[in-house]
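Keep in mind that this is a model prediction, so the values were computed, not measured.
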Amino acid sequence: MFKSTTGFRRWVTGLLLIVSPVLQFVAVVVDPGTWGDIRESVSYQDNPALAQLQSALYHWSWMLLPVALIGVLHFARKRGAVLAHIGGSMAVIGFLSLSCLLLVDPVEWYLGRHNTPEQAAVIFDEIFNLPGVVFGFQMPWLFFGPIGAGLVAIALWRAKFAPLWTTILILLGWWVGFVLEYGPITLLTWGVPVIAFGYWGVKVLRMSEAEWISYYPTAPGVTTPDSYANTTA
């Protein structure tokens, strides 16, 4: 695993495809806002410990998923490369933007602890509706994550790496889940991509080095899979 770049990339990609979606799903389960008041300044008072846990889980899920998606772009080298790389770039920007915004969670908790829900909402809006905050950190970047992940899923289906059902599950989970109101339904919408990404992850982990290398494009008479294994693999 650690003796070749091929093995290292394959294992990191496969593991993160499994771990990242699971972290997000667990975050939905433990989030007090999933089961209580949708206003975080209120729901976070119900269980501050779980509120902090869900923030950390979301943070690391959205930090790690872009790394996994960059890894699977490898399988779209011969077909769907443009779509995959556009989607991958969008996913990196989007999920990192989402992760940064999790720092508002402790602010919501503090405002809810020292103010009424109505007062907390007013103060929060005054702070985070500033144009620099909205257009610098939120819009439209927040939507890049789910859109980009969906485009990568479509590209990998076109590249014949991802079965169609996995692409459908990811599109349903990300594109539908992000437009529905956050709550118990999110367990379903953000749960189904766990199955699809997990399938990808297991498929990658079970690959041989030769299978991984086979996705590299070759120039007849110039490069071979063996040369990739010894150099750029």
>> Please evaluate residues Val122 and Asn115 with respect to the criterion side chain to side chain contact (heavy atoms under 4.5 Å, CB included), reporting the C-alpha separation (whole Å), side-chain torsions for both, the decisive distance (0.1 Å), and the verdict.
In response: CA-CA 10 Å; Val122 170; Asn115 302 273; over 6 Å; no
To the nearest 0.5 angstrom, please state how far the [atom1] atom of [X] sits from the [atom2] atom of [Y].
X: Phe197; Y: Leu69; atom1: CZ; atom2: CG; value: 5.5 Å
X: Phe161; Y: Leu73; atom1: CZ; atom2: CG; value: 11.0 Å
X: Arg9; Y: Ile70; atom1: CZ; atom2: CD1; value: 12.0 Å
X: Ser41; Y: Glu118; atom1: OG; atom2: CD; value: 8.5 Å
X: Leu156; Y: Leu151; atom1: CG; atom2: CG; value: 11.0 Å
X: Tyr58; Y: Asp105; atom1: OH; atom2: CG; value: 9.5 Å

> Given Gln54 and Leu50, is the side chain to side chain contact (heavy atoms under 4.5 Å, CB included) satisfied, shown in steps?
Replying inline: CA-CA 6 Å; Gln54 64 86 25; Leu50 288 181; over 6 Å; no
> For the residue pair Phe75 and Trp212, is the inter-centroid distance of their aromatic rings smaller than 6.0 Å?
Replying inline: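 Yes.
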Looking at [X], I'd like to know if its [atom1] atom is crowded, meaning that more than 12 non-hydrogen atoms belonging to other residues, nucleotides or ligands lie closer than 6.0 Å.
X: Arg77; atom1: CZ; value: yes
X: Trp175; atom1: CH2; value: yes
X: Lys160; atom1: NZ; value: no
X: Trp190; atom1: CH2; value: yes

Answer whether the closest heavy-atom distance between the side chains of [X] and [Y] falls below 4.5 Å.
X: Leu103; Y: Val107; answer: no
X: Tyr199; Y: Ile195; answer: no
X: Phe144; Y: Ser97; answer: no
X: Thr13; Y: Val72; answer: yes
X: Ile170; Y: Trp200; answer: yes

Give the minimum heavy-atom separation between [X] and [Y], together with the two atoms involved.
X: Ala76; Y: Ala159; value: CA-CB, 4.1 Å
X: Gly80; Y: Ala155; value: O-CB, 3.6 Å
X: Ala91; Y: Ala149; value: CB-N, 4.1 Å
X: Pro193; Y: Leu169; value: CG-O, 4.0 Å

Hey, does the side chain of [X] reach the backbone of [Y] with a donor-acceptor pair shorter than 3.5 angstrom?
X: Trp174; Y: Ile147; answer: no
X: Thr34; Y: Val29; answer: no
X: Ser99; Y: Phe95; answer: no
X: Trp109; Y: Glu40; answer: no
X: Gln24; Y: Ser20; answer: no
X: Gln45; Y: Val42; answer: no
X: Gln138; Y: Phe128; answer: yes
X: Ser61; Y: Leu57; answer: no

>> Among residues at least two apart in sequence or on other chains, which ones pass ring-ring contact (aromatic ring centres under 6.0 Å, His included) with Tyr44?
In response: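 ring-ring contact (aromatic ring centres under 6.0 Å, His included) list for Tyr44, sorted by chain: empty.
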>> Walk me through whether Ile154 and Leu171 qualify under side chain to side chain contact (heavy atoms under 4.5 Å, CB included).
In response: CA-CA 9 Å; Ile154 294 172; Leu171 293 178; 4.2 Å; yes
>> As a quick check of understanding, evaluate side-chain hydrogen bond (donor to acceptor under 3.5 Å, both in side chains) for Tyr182 and Asp31, giving each step before the final call.
In response: CA-CA 11 Å; Tyr182 190 82; Asp31 185 355; 2.8 Å; yes
>> Is there a side chain to side chain contact (heavy atoms under 4.5 Å, CB included) between Val104 and Phe124? Walk through the geometry before answering.
In response: CA-CA 9 Å; Val104 308; Phe124 183 87; 4.1 Å; yes
